[in-house]
Asks: 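Once you've had a glance at the structure underneath, I'll fire off some questions.
For reference, positions follow the sequence shown, starting with 1.
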Amino acid sequence: MSELAAVIAGVRDLLPVLRERAQETEDARRIPAESVKALQETGFFRLLQPKPYGGLEADPVTFYTAVKLIASACGSTGWVASILGVHPWHVALFDAQAQADVWGDDHDVRISSSYAPMGKATVVEGGYRLSGRWSFSSGSDHCTWVLLGGPAFADGKPVDFCTYLVPISDYSIVDVWDTVGLRGTGSNDIVVEDVFVPKHRALSFMATSKCKTPGQEVNPGPLYRLPYGSVHPSTITAPIIGMAQGAYDAHVEHQGKRVRAAYAGEQSKEDPFSKVRIAEASSEIDAAWLQLTHNIDELYQLACKGEKLPFSTRLRVRRDQVRGTERAISAIDRLFENSGGRALQRGTPIQRFWRDAHAGRVHAANDAERAYVMFGTGEFGLPVENAMV
């Protein structure tokens with residue numbers, strides 16, 4: 001069995017345990033340390049990590065497949081796994097010294113993030129002074145580094161937009177996470193108060209959007225030539241599709257045992273309308289997954305050949321990524337509508353997946369109209385001015 005196949009097999013073996021811990025995860029408002037450790041032992045967190053630091057440099061479809069599986073057992077765990085799992089890919093784009101800072105002593109270091117510009121940096125000699133408060137740093141309780149987004153100012157004027165790599169000694173975590181969905185993700189606030197960030201630990205988003213980054217000098221593999229605007233948004237949609245799959249599996253099991261008292265004791269598995277909804281939902285989930293994996297694999301294969309990544313393909317990746325989220329949400333809604341009152345009970349998987357998926361839907365990467373406008377703009381041959389492609 002190959003290393004990548006072994007990771008997928010290990011993740012599959014974990015699913016029953018993650019499923020059993022789903023309510024515990026939600027109640028605790030964070031992923032249990034045992035779950036994070038178990039995922040680490042499968043090799044999951046090293047899938048997108050560079051080989052020089054013990055990583056597997058897997059193809060992205062393998063990574064998203066593992067994410068989908070995890071999210072099908074527990075939405076919160078799948079969400080955190082996807083977010084933390086993609087960060088080694090992002091760190092691999094940084095300067096070689098930044099990578100050594102993170103992984104030099106421990107290849108199992110985990111990194112959280114908050115990319116929204118909720119703070120700012122001032123250019124100083126040798127780097128930046130960074131301050132701010134960032135929200136929604138999923139899985140931050142299990143990490144010792146964080147990636148933070150924000151503008152860089154010089155002489156009071158913005159001169160760049162960067163991602164800053166900050167060690168836990170330079171930030172604090174504020175427990176504020178109390179939500180109706182994705183409750184178990186521990187997406188708490190990160191506070192930084194006037195800390196120095198060396199220049200090598202800042203990565204300009206202009207370089208990232210052009211797919212030309214300092215890290216490529218030491219990580220020349222095709223994985224690290226993929227666009228940020230393709231890899232990261234897909235990292236948001238993959239767990240949502242996994243949640244839809246989990247809701248589908250739970251619904252089919254539930255309907256197979258359900259008796260509808262309002263319809264003279266009819267068994268739901270004999271209800272033709274229930275079967276129609278199952279067929280519709282299944283098709284939507286499959287379509288979402290096939291488009292996401294086909295598109296990202298097409299980019300990866302082009303990168304493997306050293307060929308240029310067409311902007312039209314990158315636009316299609318974003319179009320189908322947001323569409324994939326919409327399809328997954330639509331599938332869950334159709335199933336939930338037909339699950340009956342008992343599915344509303346606290347602790348049932350269907351309502352949890354429904355809440356988790358809708359919580360994931362509000363992420364900025366799922367701003368469907370903006371992605372569709374970008375695609376349409378590109379189809380007309382007009383310039384697309386957006387870094388998230």
Asks: Please check if the side chain of T377 supplies one atom and the backbone of L382 the other of a donor-acceptor pair under 3.5 Å.
Replies: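 Looks like no, no N/O pair under 3.5 Å.
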Asks: Report the relative orientation of the aromatic rings in Y115 and Y228; use parallel for angles under 30°, tilted for 30 to 60°, perpendicular for over 60°.
Replies: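 Plane angle over 60°, so perpendicular.
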Asks: Indicate yes or no for a side-chain donor-acceptor contact from Q49 to the backbone of G54 under 3.5 Å, with no hydrogens or angles considered.
Replies: no
Asks: Would you find a donor on one side and an acceptor on the other, under 3.5 Å apart, between the side chain of N295 and the backbone of Q291?
Replies: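 Yes; at least one donor-acceptor contact below 3.5 Å.
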Asks: Which donor-acceptor pairs under 3.5 Å do side chains of residues 101-110 form with protein atoms, sequence neighbours excluded?
Replies:
from, atom 1, to, atom 2, distance (Å)
D101, OD1, Q97, NE2, 2.8
D101, OD2, H200, NE2, 2.7
D101, OD2, R201, NE, 3.0
D106, OD1, D108, N, 2.8
H107, ND1, Y53, O, 3.3
D108, OD1, R46, NE, 3.0
D108, OD1, R46, NH2, 2.9
D108, OD2, R46, NH2, 3.3
R110, NE, H142, O, 2.9
R110, NH1, Q40, OE1, 2.6
R110, NH2, H142, O, 3.3

Asks: Assess, by modelled atom type and distance only, whether the side chains of T235 and S82 contain a donor and an acceptor separated by less than 3.5 Å.
Replies: no
Asks: Should E337 and R277 be marked as a salt bridge (charged side-chain N to carboxylate O under 4.0 Å, His left out) after you check the CA-CA gap, both sets of side-chain angles, and the distance that decides it?
Replies: CA-CA 10 Å; E337 291 167 359; R277 286 181 183 247; 2.9 Å; yes
Asks: Ignoring hydrogens and geometry, is there a side-chain-to-backbone donor-acceptor pair from Q245 to S72 under 3.5 Å?
Replies: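 Checking the backbone N and O of S72 against the side chain of Q245, no donor-acceptor pair under 3.5 Å is found.
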Asks: Please round to the nearest 0.5 Å and tell me the distance separating atom CE of M243 and atom CD1 of I332.
Replies: 8.0 Å
Asks: Salt bridge or not for E326 and R323, using N-O below 4.0 Å?
Replies: yes
Asks: Check this for me: does any side-chain nitrogen of one of K199 and D95 sit under 4.0 Å from a carboxylate oxygen of the other?
Replies: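 Looking at D95 together with K199, the answer is no, because their closest N to O distance does not fall below 4.0 Å.
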Asks: Within the 3.5 Å criterion, strictly below it, is a donor on N188 or S140 matched to an acceptor on the partner's side chain?
Replies: no
Asks: Donor-acceptor check, side chain of T65 to backbone of V61, threshold 3.5 angstrom: yes or no?
Replies: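 Pair found, side chain donor or acceptor close to backbone of V61.
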Asks: side-chain contact (heavy atoms from CB on, under 4.5 Å), that's the test. Do N338 and F273 meet it? Break it down for me.
Replies: CA-CA 9 Å; N338 199 45; F273 304 110; over 6 Å; no
Asks: Exactly one of I70, L18, I31 should register a side chain to side chain contact (heavy atoms under 4.5 Å, CB included) with S76. Which one does?
Replies: I31
Asks: Would R355 and E26 pass as an ion pair if we require N to O under 4.0 Å?
Replies: yes
Asks: Do W289 and Y64 make a side-chain contact, defined as non-hydrogen atoms from C-beta onward lying under 4.5 Å apart?
Replies: yes
Asks: Under 3.5 Å, is there a donor-acceptor pair between the side chain of W134 and the main chain of G149?
Replies: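 Yes.
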Asks: Taking R29 as the fixed residue, which of T179, D178, D175 is the one that meets the side chain to side chain donor-acceptor pair (under 3.5 Å) rule?
Replies: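 Of all the options given, the one that passes is D175.
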Asks: Does a side chain donor of either R352 or Q23 reach within less than 3.5 Å of an acceptor in the other side chain?
Replies: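 The answer is yes; a qualifying pair exists.
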Asks: Among R183, R346, R21, which residue meets the salt bridge (Lys or Arg N to Asp or Glu O under 4.0 Å) test with D27?
Replies: R346
Asks: Please confirm whether the backbone N or O of M388 pairs with a side-chain atom of R318, one donor and one acceptor, at under 3.5 Å?
Replies: yes
Asks: Less than 3.5 Å apart, any donor N or O on the side chain of D333 or W354 sitting next to an acceptor on the other?
Replies: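 Short answer, yes.
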Asks: Main chain of L182, side chain of D356: is a donor-acceptor contact present, judged purely on distance under 3.5 Å?
Replies: yes
Asks: Given 3.5 Å as the limit, does a donor-acceptor pair link the side chain of Q99 with the main chain of A92, or not?
Replies: yes
Asks: Which residue, S187, S138, S137, forms the side chain to side chain donor-acceptor pair (under 3.5 Å) with S112?
Replies: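 It is S137; the other options fail the test.
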Asks: Has the side chain of R361 got a donor or acceptor atom that lies under 3.5 Å from a matching backbone atom of N366?
Replies: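 A pair under 3.5 Å: yes.
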